[in-house]
Number of protein chains: 2
Amino acid sequence: MSPETHIVDDDPAVRDALHWLLQSRGVPSRIWASPQEFLDFVDRDLRGCVLLDVRMPGISGIELFDHLRTRHCRLPVIFLTGHGDVPMAVDAIKNGAFDFLEKPYSDNALVDKVLLAMATDAELCTREDSIGVVEVNLAQLTAREHEVMQRILAGKLNKVIADELGIAMRTVEVHRSRIFEKMNVRSAVELSQLLSMLSGKFEG
Amino acid sequence: MSPETHIVDDDPAVRDALHWLLQSRGVPSRIWASPQEFLDFVDRDLRGCVLLDVRMPGISGIELFDHLRTRHCRLPVIFLTGHGDVPMAVDAIKNGAFDFLEKPYSDNALVDKVLLAMATDAELCTREDSIGVVEVNLAQLTAREHEVMQRILAGKLNKVIADELGIAMRTVEVHRSRIFEKMNVRSAVELSQLLSMLSGKFEG
DNA sequence: TTCGCCATTGTGGATTTCCGCAAACACGCC
DNA sequence: GGCGTGTTTGCGGAAATCCACAATGGCGAA
């Protein structure tokens, strides 16, 4: 899926103007006449960014934004609004919108924002890819292995873990070994670091 | 230093009105007639939140905000503005402002925001305290211990570390032991987790 | 110069980890 | 029933960690 800017606006004139502007600047874009249409299309693998009119019939831009996030779509969203609404802008940004622009907008400014959003998304994807690998590996662990891993990450000795689970130390060793193998690490420290980036998803 | 709401506004009428409002609701507050006055007073241990007028003579609210952050003051800042300026609000929030309110504001809404900001600050402090402890412990490590720790966190074996540093394994063991002692942990895993919260300061 | 802190190393032993080889039992699927 | 997967365990040995006891040399402060 190559990255695109998804323009969602019910006004054909605005829609096409945006589409034309972006195309003319070499930014691949795609238009959607209604929020629902776009919503039906999105999946978590979508790449690029979203240009969203705040006021639309049916689902508002803000609501569409919420739906996107609920569906684990992390695409950067740039809102476009006709008349300055500070509380709404503040709320949108607080909720993780990428930007909030007032009409009339400067063409250059808008294109810059879009490019920035797309770059941000691309960067985020790189990170999420490595996170994805970790999550896939994690999913391969069996229930018992999870129990053991949890205790390894608590810094407990094999002996203690064996006691807690009521099994032999040798068994814990086997689980430990399998965990490392499946998670593709060679020490508990590496494992710990790998999992720490799961909670700090949006950090460095 | 007990938590206070710091009101910074050049207009005596607004200033006093805010002060009175907060006092009447039992929120300890303090007024500052000029940004510079407040700036001269702040230090990193200040607690509470800041209520800031955007437009002030000399240093603007936005600039004051930047100065605060530059000085490592993490206090939540609520902006107050006369006429809705969306780009400015968006920028402020993106830069980490706590909120951005338009005048005229509802008394209740403002008090709520202030209370929320103060609660947020209190919570943040708790976290930063524990981070502070880690940093203090970290500062107690000698240069050599840092070198060894770095390699421990890379998951290297004592033998390898000894080779890299050109010293005996026994020496590495001693350093390792001292590091654990000073950092108050009992395993490399705990150490790794402790340090992971240093980079992810603003996470859970 | 004496004292304290840091870095260094050794000996020797207790404990733990890591791992190959081997095997038993349960459970679900075809 | 046969097969695969997951869980369990034992044996025994190599390697690594942890630690108490003991000691040397450098370097800066009092």
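In what follows, every chain begins at residue 1, and chains take the letters A, B, ... in the order their sequences are listed.
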Worksheet, complete the sentence: Contact string for nucleotides 25-30 of chain D, one letter per nucleotide 5' to 3', B = base within protein heavy-atom range under 4.0 Å, S = sugar-phosphate only, - = neither, reads ------
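- Looking only at distances, a side-chain donor or acceptor of His19(B) sits under 3.5 Å from a matching main-chain atom of Ser29(B).
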Fill in: Summary of protein contacts for nucleotides 3-8 of chain D, nucleotide by nucleotide, where a base hit scores B, a sugar-phosphate-only hit scores S (4.0 Å, heavy atoms)
---SSS
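- Nearest heavy atoms, His175(A) versus Arg144(A): NE2-CG, 3.5 Å.
- For the residue pair Ser192(A) and Ser192(B), a side-chain donor N or O sits within less than 3.5 Å of a side-chain acceptor on the partner.
- The local environment of CZ in Arg178(A) is sparse, with at most 12 non-hydrogen atoms from other residues, nucleotides or ligands closer than 6.0 Å.
- Paired regions of DNA chain C, where each region holds three or more successive Watson-Crick or G-U pairs whose two hydrogen-bonding distances fall under 3.5 Å, are C:1-30 with D:1-30.
- Formation of a donor-acceptor pair under 3.5 Å by the Lys156(B) side chain with backbone atoms of Ile161(B) is not found in this model.
- Under the 3.5 Å distance criterion, the side-chain polar atoms of Ser177(B) are left unmatched by any main-chain donor or acceptor of Glu173(B).
- Nucleotides of DNA chain C lying under 4.0 Å from heavy atoms of chain B occupy a range whose first and last members, 5' to 3', are dC6(C) to dT11(C).
- Proximity of a side-chain donor or acceptor of Gln140(B) to a complementary backbone N or O of Glu135(B) within less than 3.5 Å is not detected.
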Contact list (N/O, under 3.5 angstrom) for nucleotides 14-20 of chain D vs protein:
unit_1  : atom_1 : unit_2    : atom_2 : d
dA16(D) : OP1    : Lys159(B) : NZ     : 3.3
dA16(D) : OP2    : Lys159(B) : NZ     : 3.1
dT17(D) : OP1    : Asn158(B) : N      : 3.2
dT17(D) : OP2    : Asn158(B) : ND2    : 3.4
dC18(D) : OP2    : Arg176(B) : NE     : 2.8
dC19(D) : N4     : Glu173(B) : OE1    : 3.1
dA20(D) : N6     : Arg170(B) : NE     : 3.1
dA20(D) : N6     : Arg170(B) : NH2    : 2.6

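- A donor-acceptor pair is defined here as one N or O able to donate and one able to accept, closer than 3.5 Å; no such pair exists between the side chain of Arg47(A) and the backbone of Met118(A).
- Ion pairing between Arg71(A) and Asp43(A) fails under the 4.0 Å rule for side-chain N and carboxylate O.
- One finds the NE2 atom of His72(A) at 13.0 Å from the CG atom of Asp45(A) (value rounded to the nearest 0.5 Å).
- Partners of Leu115(A) under the side-chain contact (heavy atoms from CB on, under 4.5 Å) rule, at least two apart in sequence or in another chain, are Val27(A), Val111(A).
- Remark: side-chain polar atoms of Asp121(A) are not paired, donor with acceptor, to backbone N or O of Cys49(A) under 3.5 angstrom.
- Contact check on Glu145(A) versus Lys182(A) returns a salt bridge, with a Lys/Arg side-chain nitrogen under 4.0 Å from an Asp/Glu carboxylate oxygen.
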Item to complete: List the steps, then state whether side chain to side chain donor-acceptor pair (under 3.5 Å) holds for Asn108(A) with Arg25(A).
Response: CA-CA 10 Å; Asn108(A) 285 332; Arg25(A) 303 293 181 97; 3.0 Å; yes
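- A centroid separation of 6.0 Å or more is found between the aromatic rings of Phe98(A) and Phe79(A).
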